[in-house]
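Quick notes on the structure that follows.
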2 protein chains.
Amino acid sequence: MKALRYYNRHDFRLEDVAEPDVGPDDVKIRVKWCGICGSDVHEFLAGPQMIPFDRPHPGTGRMAPIIGGHEFSGEVVDVGERVSRVGVGDRVTVRPTLPCYRCHYCRRGQHIQCVILGTIGASTDGAFAEFVTVPEDTVYELPPDVSFEAGAYVEPLACALHAVRRSGMVQGATAAVIGAGPIGLLTLQAALACGAEKVIVFETLERRREMAERLGACAALNPLDGNPGKEIARLTDGLRADPVFECAGKPAAMLLADQVSGRGATIVEVGVMMETCDFPFLNLFMREKSIIASQGYVDEFPTAIAYLASGRVKCDPEMTTARIALSNIMEEGFHTLAGAHGMEHCKILVTPEG
Amino acid sequence: MKALRYYNRHDFRLEDVAEPDVGPDDVKIRVKWCGICGSDVHEFLAGPQMIPFDRPHPGTGRMAPIIGGHEFSGEVVDVGERVSRVGVGDRVTVRPTLPCYRCHYCRRGQHIQCVILGTIGASTDGAFAEFVTVPEDTVYELPPDVSFEAGAYVEPLACALHAVRRSGMVQGATAAVIGAGPIGLLTLQAALACGAEKVIVFETLERRREMAERLGACAALNPLDGNPGKEIARLTDGLRADPVFECAGKPAAMLLADQVSGRGATIVEVGVMMETCDFPFLNLFMREKSIIASQGYVDEFPTAIAYLASGRVKCDPEMTTARIALSNIMEEGFHTLAGAHGMEHCKILVTPEG
């Protein structure tokens, strides 16, 4: 079968590989759609970070080359002998995390902290391929009113819902989202779906601000225009926002989060910030604020699927800026997103069909 | 009466002033003991920060000069006509915060966030004096087994208990405390009192490490010796600490908190950090940690009093390194604490008697 394998930085190869075997607890899926995540682009430009490169992954035993792709949907084509909850023909999506269920953190239910956590599409083969095989416990059925395209958004939406859960957001909140890329736009919608009264978005790119307004932001502001702290104070009767979701992964965004957050507010770090940030912790102290990191999800997949089914969260076609074939994934996918106009895109979906 | 009034930086004056009036909702207290807080020393060396200096405080209407002192105990000598819960002769301590009970935050029960929060000893007269007058709602009775000396520790212990509450610490936790000054030593004891199984303390000064060990630390380490991250991993089977209380208020302490905290851990910022800190937020993200600021208290005073009464928390004589007279407060108090050997002290208590 055709598959995109990650070898190293700037070395992703579209190759013909054998179809995956089906172990007794496994589910084999014919991939329909798989989204390209920011972390995939990062792995291409600045990796290897997620892909085990110089020694086997302690959980999966695998190392590069590994087939990428972790935001996907598909149809079940085969199941192992011990699989009981999933059957051939089921329309499904998959939670990419593979907790060991045995370590200190797994025993406490904190699976995302698993000390040998594996990830489909990073430490074992993913869905930039015609077929992918995954353990049964990672599989979630899609209801008929969630399209395969929408099914490819369940994983990033679960990230966004996890961020809202981590924030402890109260009903009627005035939230802010910094950065209106795919995760920012899903976090905006997740916050509204979970009871925020209004969400103010900060984003430097006009096209992304327009998307944010279409998807429910009460205001989408350019943080480079004027004084964002004063502007949000004006919009909120002086209270500013709580929670604030930092979805840009930049030091300037973390400093902006400090400016636009109110007394006692929670700042959620959703973006991946590679640089350090010279942060004024005195401001955190004086207004008793918090910074809470949110990485991945625990079991937000059923909620993500339900919100897509009910239309509370809209993703396709609203957030899909290109649908491409796996055979063109490097040129039309990675090189496009990494190129000069990459930020004009939101989500690019990839299909192995056609 | 004799009182220490804060005029400006390096300008605190011991003066004769009129005794305070007793309004209808007020309680007049003859001060027994009042502790010198780090914030008082900071106000002397680097203020004015808390004292309203160039315009009246929006809550109290007061500005410098103001009598300092907010960690105190005493005996009630007079009460206003509407006071019903407190009587003459009661042994009491006082919560220094004066919420307005009317603003957005007070209406939600977040009194510490009050937009015009006043503070006894900072924005209205405090207890470095023979008498102090306070509103009835701030007064807490001391049981017979809490001495007046111990009563002067209720306020900083309430800060420590608030930090433990903000941490969300679970039963059986392995906690760490960075900085073993008065707040660090009280936080160590508060964590143990609230169910931590062990607490590891990091402190550069030997005398403070010895106090930490006497007050229950399972280990007191010098962070400048060796590799603190590896050392705590060795002591905790690789898990490191959760929560970690940063009680030093230094950028190096915040970076140390990152090193010694485990997966999913909460770092509580208890220290007042005047400088910015170049923080690696990627570490926070990768291990889904949190930084939660803790400033002051809400209503931890009854618990603080109960823990002192039962002996769960020990403060006097264990933490008291000097008892001085108000008439000598500048030389034996402020100049001592601000001097070359100030860090050899823990808490200095001041009495207006004798």
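Residue numbers start from 1 in every chain, and the chains themselves are labelled A, B, ... in the order their sequence lines are given, proteins ahead of strands.
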Find the distance between SG (A/Cys277) and CG (B/Asp278) and round it off to the nearest 0.5 Å.
7.5 Å
Quick one, A/Asp237 and B/His104 - any side-chain contact, counting heavy atoms below 4.5 Å?
no
With chain B as the partner, which of A/Arg166, A/Glu275, A/Arg287 has the greatest number of non-hydrogen pairs under 4.5 Å?
A/Arg166
Just by modelled atom types, is the B/Gln295 backbone N or O under 3.5 Å from a matching donor or acceptor in the A/Glu288 side chain?
yes
State, with a plain yes or no, whether a side-chain heavy atom of A/Pro280 is found less than 4.5 Å away from one of B/Met273.
no
CD1 of A/Ile292 to OG1 of B/Thr266, rounded to nearest 0.5 Å, is 7.5 Å
Heavy-atom distance under 4.5 Å to chain A: side chain of B/Cys103, backbone, both or neither?
neither
Measuring from B/Glu269:CD to A/Ile291:CD1, what's the distance to the nearest 0.5 Å?
8.5 Å
Grab the two heavy atoms, one from A/Arg263 and one from B/Tyr105, that are nearest each other, plus how far apart they are.
CD-CE1, 3.5 Å
Under a 4.5 Å cutoff for heavy-atom pairs, which residue among A/Gly249, A/Gly262, A/Ala293 has the most contacts with chain B?
A/Ala293
Quick check on B/Val270 against chain A: is it the side chain, the backbone, both or neither that has a heavy atom closer than 4.5 Å?
backbone
Relative to the ring of A/Phe279, is the ring of B/Phe281 parallel (under 30°), tilted (30 to 60°) or perpendicular (over 60°)?
perpendicular
Of the listed B/Gly264, B/Pro251, B/Gly296, B/Ser294, the one with the largest count of heavy-atom pairs under 4.5 Å with chain A is B/Ser294
Need one label for B/Met254: side chain, backbone, both or neither, based on atoms under 4.5 Å from any heavy atom in chain A.
side chain
Max heavy-atom pairs within cutoff under 4.5 Å with chain A, candidates B/Val115, B/Ile112, B/Val170, goes to B/Val115
Can you tell me if CE on B/Met50 sees more than 12 non-hydrogen neighbours from other groups inside 6.0 Å?
no
In terms of heavy-atom proximity below 4.5 Å to chain A, should B/Ile267 be classed as side chain, backbone, both, or neither?
neither
